[in-house]
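Report on the following structure.
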Amino acid sequence: MNRRNCVLKEEEFKKEMQRLILNDQTLTNLDLSSNQIGYEEMQALSEALKVNQTLIKLKVTENQIGDEGMEALSESLEVNQSLIKLILIDNQIGDKAMKALSESLKVNQTLINMNLSRNKIGDKEMKALSESLKVNQSLTNMNLSRNKIGDKGIEALSEALKVNQTLIELDLSNNQFVDEGMQALSETLKVNQSLISLNLWGEGIEALCEALKVNQTLTSLDLSGNLIGIKEIKALSECLKVNHTLTSLGLSYNRIGDKGMQALCESLKVNQTLTNLGLGGNDFGAEGMEALRKSLKVNQNLISLDLSSNEIGAYGMKVLSQVLKVNQTLTNLVLDFNRIRDKGMQALSETLKANQTLTSLDLWDNKIGDEGVEYLSRALKVNQTLTRLDLHDNRFSDEGVEYLSHALKVNQTLTKLDLDDNEIGDEGVEYLSEVLKVNQTLTNLGLSSNEIGANGMKALSEALKVNQTFINLDLSGNQIGAKGVKYLSHAIKVNQTLTRLNLSWTKIESYDNKEDHEFNVQEFIQSLKINKSITNLNIYGNKINEKNLYKIDNLIERNVNFQKKLTKSVKVGNLQFFQELIQIEKIPLIYQQFDDDIDDLLIQNNQEQNTIFHTAIFHNQTDILFYLLFANNEKTDQEIISNRNFLLNFKNAKIKKKCN
């Protein structure tokens, strides 16, 4: 259950509390963010949490819970045995509230993830929390970013971490500690044996580097936004030559420059453990890229590299492309905001024809244009490893989409494609739609903030009626209008694979009169009543009244619950559970819909199978049947062979539906 950040009315809030008290099995995730929750509401929530045994995640971000509300919540945490994740971002937790929370953490043994970001936590509050960490044995993840923790608070936390043996992930970014705090934390890292992920923002990097030479557990370190210059990067580079545990290092938005890159790249030739490296926003150019090229020729460990927001340009891209032809380990490359343009894209495309390891490529805002997309499309016809491609904001039009569409008819590996914020119109979507009718691999498509209208939506809707692999479609920020959403309504009555659909700010209300608009929305709601696959729908920014929004929200929630039940039945391979699901959902079992030859085929099997088969036909769930029938270990080999033969005949037979 997720309220999707909508503001709850008083009666809705009471209803949710009642569900908590009654231990509603479907209520495992409750989001009460931005609901102006004060003391009275927190008191009601806390009383419900004392008896609830099903809720595992609670989000109370951006409210006004205050000290008294926090005290009430803390009291419930001493009793509750189910909650494992608590998000309390931006609630201005004070000294009194933090003391109450800290005392509850000494008792609570189930909470493992807590987010206290943006709460103005200072040294005093940090000292109270640190005392609880000396005792608590369940908390593994804690986010304290964007607070006001200074050196004294970090010193108290450091002492606690010398004792605590359960905390493994800690985010301290964007606080106010400097050299003394970093020194204290560094000394702790020499003895702490549990922490594996650390996000820091502060001075004193040299002391941290010394600790990393000794520490044997830390695998992830994020030092982004620390104004690290040549001096600090040299110290860190020396550390990387001897450290044997760090696998992920974030250095984005510092001041590394070309000289710093040269020092860092020397360590990459020696280091044997680092697999993920973030270097975005560090102002290095051709010299830095040349140093990186030399290190990647030697390094055999790096699999993910972020080079976004630097000054790589076309020349730097040519340098990098040379080594990508021979590198055998890099799978994820981020090149956003580097102005490589069409010439840089030409060099990269030649590389993609030869590269056999890269699976994910980000090229956001590189101004490659139609010509650059043409080069890329040639590569996609040959490349057999790339599965994810981001071309967001690259200033190409329908012409570029035409090139891309030709490639997608051939390409058999790409599953995620982001074309957001370009200049794609109806003609471009028509090209894509023809591809979607035959392409069997693409599952995610981003088309937000383009120039798509009703005609483009008509073409895309026809493709959705045929396509059986698509699960995620983003159309936000287009002007598909009421006519466009009408076409889409027809498509989602038929399509049963799409799970995520974004229609925010698409002007689906744009009829000349109110009556036509209301009819259009009702038609969309009717299509959702038939559709059982869409579990995530965004229609924000459209003029849909509250009553209709509530209907839509309930239908999507129905789908979420249905898919959960369906997934559970598949996992356990339980035919009886699947039958119960059929009865709960009141799915019609209509034998007369099928041709005589199919009826003859079904008669050969027992009534239990008939029920499931007919239901699956109606909902295009034949793949699930294979699992359901073969997952039961009690079946004999002969029964499995019989079922397999039955299903093969069943899938190959021509089924004619005569229902609406």
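We use all heavy atoms of the structure for the numbers below, so side chains are in, but hydrogens, waters and symmetry mates are not. Since the model is a prediction, treat every value here as computed from it, not as a measurement.
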- prompt: Quick one: does Asp306's side chain get under 4.5 Å of Ser252's, heavy atoms only?
  reply: yes
- prompt: Can you tell me if Asp426 uses its side chain to pair, donor with acceptor, with the backbone of Gly453 under 3.5 Å?
  reply: yes
task: Identify which one of Asn332, Leu348, Asn355 satisfies the side-chain contact (heavy atoms from CB on, under 4.5 Å) criterion when paired with Leu361.
output: Leu348
- prompt: Under 3.5 Å, side chain of Asp398 to main-chain N/O of Ile424, donor-acceptor pair present?
  reply: no
query: Are the side chain of Asn422 and the backbone of Arg395 linked by a donor-acceptor contact shorter than 3.5 Å?
result: yes
task: Output yes when a side-chain donor or acceptor of Thr351 lies under 3.5 Å from a complementary backbone atom of Lys325, and no otherwise.
output: no
- prompt: What pair of heavy atoms forms the shortest contact from Lys507 to Asn542, and how long is it?
  reply: N-OD1, 3.0 Å
query: Do Leu376 and Leu352 have side-chain heavy atoms sitting under 4.5 Å apart?
result: yes
field: Evaluation steps, side chain to side chain contact (heavy atoms under 4.5 Å, CB included), between Lys367 and Ile340
entry: CA-CA 7 Å; Lys367 301 177 174 61; Ile340 68 173; over 6 Å; no
- prompt: Do Leu473 and Leu460 have side-chain heavy atoms sitting under 4.5 Å apart?
  reply: yes
query: Any side-chain heavy atom of Leu302 sitting closer than 4.5 Å to one from Leu277?
result: yes
- request: Taking atom types as modelled, find out whether Glu546 and Tyr550 have a side-chain donor-acceptor pair closer than 3.5 angstrom.
  value: no
message: So which atom in Ala491 and which in Leu464 form the shortest heavy-atom distance, rounded to 0.1 Å?
response: CB-CB, 4.1 Å
task: Just grab all the salt bridge (Lys or Arg N to Asp or Glu O under 4.0 Å) pairs involving residues 465-481, residues at least two apart or on different chains.
output: Glu462-Lys465
- prompt: Checking Asp420 side chain against Ser449 main chain: does a donor-acceptor pair fall under 3.5 Å?
  reply: no
- request: Decide side chain to side chain donor-acceptor pair (under 3.5 Å) for Asn478 and Ser476; before the verdict, give the C-alpha distance in whole Å, the side-chain angles of both, and the deciding distance to 0.1 Å.
  value: CA-CA 6 Å; Asn478 284 286; Ser476 60; over 6 Å; no
- request: Inspect the surroundings of CD in Gln322 and state if more than 12 heavy atoms from other residues, nucleotides or ligands are less than 6.0 Å away.
  value: yes
task: Give a yes or no on whether the backbone of Gly369 and the side-chain of Asn394 come within a donor-acceptor separation of less than 3.5 Å.
output: no
- request: Output, in order, the C-alpha distance, side-chain angles, deciding distance and verdict of side chain to side chain donor-acceptor pair (under 3.5 Å) for Asn301 and Thr329.
  value: CA-CA 6 Å; Asn301 309 297; Thr329 57; over 6 Å; no
task: Spell out, as yes or no, whether a donor-acceptor pair under 3.5 Å connects the side chain of Asp31 to the backbone of Ser33.
output: yes
- prompt: Does any non-hydrogen side-chain atom of Leu307 lie less than 4.5 Å from one of Ile312?
  reply: yes
field: Ser448 side-chain N/O to Gly477 backbone N/O, donor-acceptor pair under 3.5 Å
entry: no
message: The test is side chain to side chain contact (heavy atoms under 4.5 Å, CB included); show your working for Asn559 and Leu537 and say whether it passes.
response: CA-CA 11 Å; Asn559 284 2; Leu537 175 65; over 6 Å; no
task: Evaluate the side-chain proximity of Gln522 to Asn548: yes if any heavy-atom separation is below 4.5 Å, no if none is.
output: yes
message: Tell me whether Asn444 contacts the main-chain N or O of Lys416 through its side chain, where contact means a donor paired with an acceptor under 3.5 Å.
response: no
- line: Residue pairs passing the salt bridge (Lys or Arg N to Asp or Glu O under 4.0 Å) test with at least one member in residues 334-355, sequence neighbours excluded, are Glu350-Lys353
- prompt: Is a donor on one side and an acceptor on the other found under 3.5 Å between the side chain of Ser309 and the backbone of Phe337?
  reply: no
